[in-house]
Amino acid sequence: MTHEQSWQQCCAQLATVIPDQQFAAWIKPLSAPSWSEDGSTAVLNVPNRFKLDWLRSQYGARITESLSAVVGRPVQVDFMVQKTPARPAQHHSGTHGLRPPVGTPSSQPNTEASAPEPDDAPGAQPAGGNGLSRDTVEADALERSRLNPMLSFETLVTGKANQLARAAAIQVAENPGRSYNPLFIYGGVGLGKTHLMHAVGNALLAQQPGARIRYLQAEQFVSEVVRAYQRKAFEEFKRYYHSLDLLLIDDVQFFAGKDKTQEEFFYAFEALITKRSQIILTSDTYPKELREMDQRLVSRFDSGLTVAIEPPELEMRVAILLRKADAELTTLPEEVAFFVAKNVRSNVRELEGALRKILAYARFSGQDVSISLAKEALKDLLSLQNRQVSVENIQKTVADFYKIKVADMYSKKRPASIARPRQIAMYLAKELTHKSLPEIGELFGGRDHTTVLHAVRKIGQERTKLQELNQQLHVLEQTLKA
Ligand SMILES: Nc1ncnc2c1ncn2[C@@H]1O[C@H](COP(=O)(O)OP(=O)(O)OP(=O)(O)O)[C@@H](O)[C@H]1O
């Protein structure tokens, strides 16, 4: 069997397991791979890095499996971004492309092998044509979209913490505007919400280089509304936002209390949903918990699919570290990855920071990466983490934060402006130290342990209901732990 025949058979097999639309969009346009000399690796040429990411992450395993089955031995499948011109003429001979050169009618007998349209995506031009090259179209669209091409499905590590959100995002990328609309992703800081959002955008851009995509942070949207207001340019603003195919807005909790922004966003939302453009939103909390948000918007946010991203568990943290090291072209010994993952637990952004420190340390000191090197590189971080937060420190930090005197932490004064920060400090003392209630009471001017218990319960309950308090507590906790 020739290489071309084996590829055709592979495609035929894939066509039975991959839904028609996806097959037509992703597999059918591929030319037959070129093979390494020893026949162990098949290299598929793809037109750009977006397609490369997507094909590798979504179909790589299936193609490998199918091609191995067809040739009767395990083979590796690799992808390579094709150099321009996008469709080299040698495809009809030599490396046995499935597709005839652009403009040549298909003469392949097999349906899998029949020539696809030069491109399924709107706005794309065949290379060598008189219009803009596909690369230029993509580069322009990428710039306009403000997408970061590094944040793709390919570079996103999957685990229990994000598997639902990722699955939903993949659905959306494959069926924009038709599966879950809007897709609302929520979770704590640095857990990959932004990453997932960009991944959808990048995947869609790979499929449709002409797609009108825009990513922006909620605050930027607020500024644009303000600017449109000042310039009396709402028509233009509307025309732009209402014309998008995919709108990605990050951290929508920042719309809180901004009535005009919410109103404009509501119109854009309605217009986009009606014309089946996709909307993806992220937030630090689920829609019903959003503060100072128009109820019409809250219910719209919840009308598609709402998914959470949780903090990654240990194994996922290890996997993320290994993957990030790999991307930096360094090998991280697994024991070092475990060591870091056990000690840096809060979020992915912090994991990345820790890894960066270790790699920089290794580079500058000329040493290999080991646990002892990691301990040295992360000395500050680890000692800070292990350092017990002291009650005195809590009292000082909380007093500074609420602009009261530290002495008021021990005083008997009762006005709310003082009593409340004091209760907050007691709550944090219970949360962040190992001190008992009576010990804490003692350190707060000799108060009874029931007073401390009351404060701990009260603040604990209120933080689940009051977003602002919760945020203040987050800031205080971060400051104290940092
Ligand atoms: N599962 C993951 N695999 C690989 N990298 C990840 C993963 N999750 C997050 N990251 C990386 O961690 C960093 C922080 O992620 P991201 O900015 O998406 O977080 P976020 O949830 O949007 O946080 P914030 O609320 O602060 O905006 C990014 O560099 C992102 O690429």
Side-chain angles (χ1 to χ4, degrees), residues 148 150-170 183-200 217 250-254 280-290 305-327 332 334 336-358 374 378 380-382 384-387 389 427-428 430-432 460 463-467 469-482:
N148 176 349
M150 301 303 288
L151 303 178
S152 63
F153 283 111
E154 165 72 3
T155 55
L156 185 86
V157 174
T158 318
K160 248 196 359 242
N162 67 358
Q163 73 191 20
L164 259 181
R166 176 177 171 274
I170 288 178
L183 176 63
F184 191 100
I185 307 168
Y186 72 95
V189 295
L191 296 182
K193 303 184 294 293
T194 305
H195 190 134
L196 206 48
M197 206 177 213
H198 280 258
V200 176
Q217 282 159 354
D250 215 350
D251 290 323
V252 284
Q253 72 271 15
F254 285 108
I280 306 183
L281 306 162
T282 73
S283 162
D284 63 352
T285 180
Y286 53 92
K288 288 205 175 58
E289 242 330 83
L290 285 166
L305 181 72
T306 300
V307 277
I309 300 191
E310 307 287 342
E313 72 277 19
L314 177 71
E315 291 77 2
M316 185 170 165
R317 296 201 296 276
V318 171
I320 289 174
L321 285 164
L322 293 175
R323 178 77 75 84
K324 303 264 170 203
D326 212 32
L332 185 70
E334 210 165 289
V336 179
F338 266 99
F339 171 78
V340 178
K342 276 188 189 142
N343 285 287
V344 181
R345 277 165 291 195
S346 47
N347 66 50
V348 184
R349 194 173 289 126
E350 294 214 340
L351 273 182
E352 287 179 339
L355 179 66
R356 250 193 319 272
K357 275 195 185 140
I358 293 172
L378 302 181
D380 292 349
L381 195 125
L382 297 179
L384 281 172
Q385 221 170 51
N386 294 337
R387 190 187 68 191
V389 180
Y427 167 84
L428 289 170
K430 186 73 195 107
E431 285 283 295
L432 303 176
R463 102 174 277 181
T464 62
K465 296 191 200 111
L466 305 176
Q467 168 102 344
L469 173 65
N470 190 32
Q471 266 168 3
Q472 291 171 353
L473 286 169
H474 266 304
V475 172
L476 286 165
E477 284 159 351
Q478 296 297 326
T479 314
L480 287 161
K481 285 198 246 164

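Atoms considered below: every heavy atom in the structure, side chains included; atoms not considered: hydrogens, waters and symmetry mates. Residue indices begin at 1 and follow the sequence shown.
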The single option from T282, N148, D250 that satisfies side-chain hydrogen bond (donor to acceptor under 3.5 Å, both in side chains) with T194 is D250
Rounded distance (nearest 0.5 Å) linking atom CD of E315 with atom CZ of F338: 6.0 Å
Could you check D284 against D251 for side chain to side chain contact (heavy atoms under 4.5 Å, CB included), going step by step and ending with a plain yes or no? CA-CA 7 Å; D284 63 352; D251 290 323; 5.6 Å; no
Is it true that K160 and E310 make a salt bridge, defined as a side-chain N closer than 4.0 Å to a carboxylate O? no
Looking at OG of S283 and CD of E289, how far apart are the two atoms once the value is rounded to the nearest 0.5 Å? 9.5 Å
Compare every heavy atom of V252 with every heavy atom of F184, then report the nearest pair and how far apart it is. CE1-CG2, 3.9 Å
Work out which heavy atom in I185 is nearest to a heavy atom in K193; give both atom names and the distance. O-CD, 4.0 Å
Main-chain N/O of E350 paired to N347 side chain as donor or acceptor, under 3.5 Å: yes
Quick check on E313: does its CD atom have over 12 non-hydrogen neighbours (other residues, nucleotides or ligands) under 6.0 Å away? yes
Inter-residue atom distance T285.OG1 - Y186.OH, 0.5 Å rounding: 7.5 Å
Rounded distance [0.5 Å steps], CG in L156 versus NE2 in H198: 12.5 Å
Run the side chain to side chain contact (heavy atoms under 4.5 Å, CB included) test on N162 and M316 for me, step by step, so that the C-alpha distance in whole Å, both residues' side-chain angles and the decisive distance to 0.1 Å come before the verdict. CA-CA 10 Å; N162 67 358; M316 185 170 165; 3.5 Å; yes
Over all atoms of both residues, closest heavy-atom pair of A319 and V157: CB-CG1, 3.8 Å
Measure the spacing between CG of L351 and CZ of R349 and express it to the nearest 0.5 Å. 11.5 Å
4.5 Å side-chain heavy-atom contact, L473 and L428: yes
Looking at every heavy atom in both P312 and A161, which two are closest together, and how far apart are they? CA-CB, 3.7 Å
Under the side chain to side chain donor-acceptor pair (under 3.5 Å) rule, collect the residues that match up with E431, sequence neighbours excluded. none
Grab the two heavy atoms, one from L183 and one from A169, that are nearest each other, plus how far apart they are. CD2-CA, 4.0 Å
If you measure from the Lys or Arg side-chain nitrogens to the Asp or Glu carboxylate oxygens, is any gap between R463 and E477 under 4.0 Å? yes
Would you mind telling me which of V344, L322, L321 makes a side-chain contact (heavy atoms from CB on, under 4.5 Å) with L355? L321
Do L469 and Q472 pass the side chain to side chain contact (heavy atoms under 4.5 Å, CB included) test, and can you show the C-alpha distance, the side-chain angles, and the key distance before you say yes or no? CA-CA 5 Å; L469 173 65; Q472 291 171 353; 4.2 Å; yes
Minimum heavy-atom distance L332-A325, with the two atoms named: CB-CB, 3.7 Å
So, the side chain of N470 versus the backbone of L466: is there a donor-acceptor pair under 3.5 Å, distance only? no
Evaluation steps, side chain to side chain contact (heavy atoms under 4.5 Å, CB included), between I309 and V307: CA-CA 7 Å; I309 300 191; V307 277; over 6 Å; no
Any side-chain heavy-atom pair from T155 and H195 closer than 4.5 angstrom? yes
Quick check for you: to the nearest 0.5 Å, what is the distance between L196 atom CG and L191 atom CG? 11.5 Å
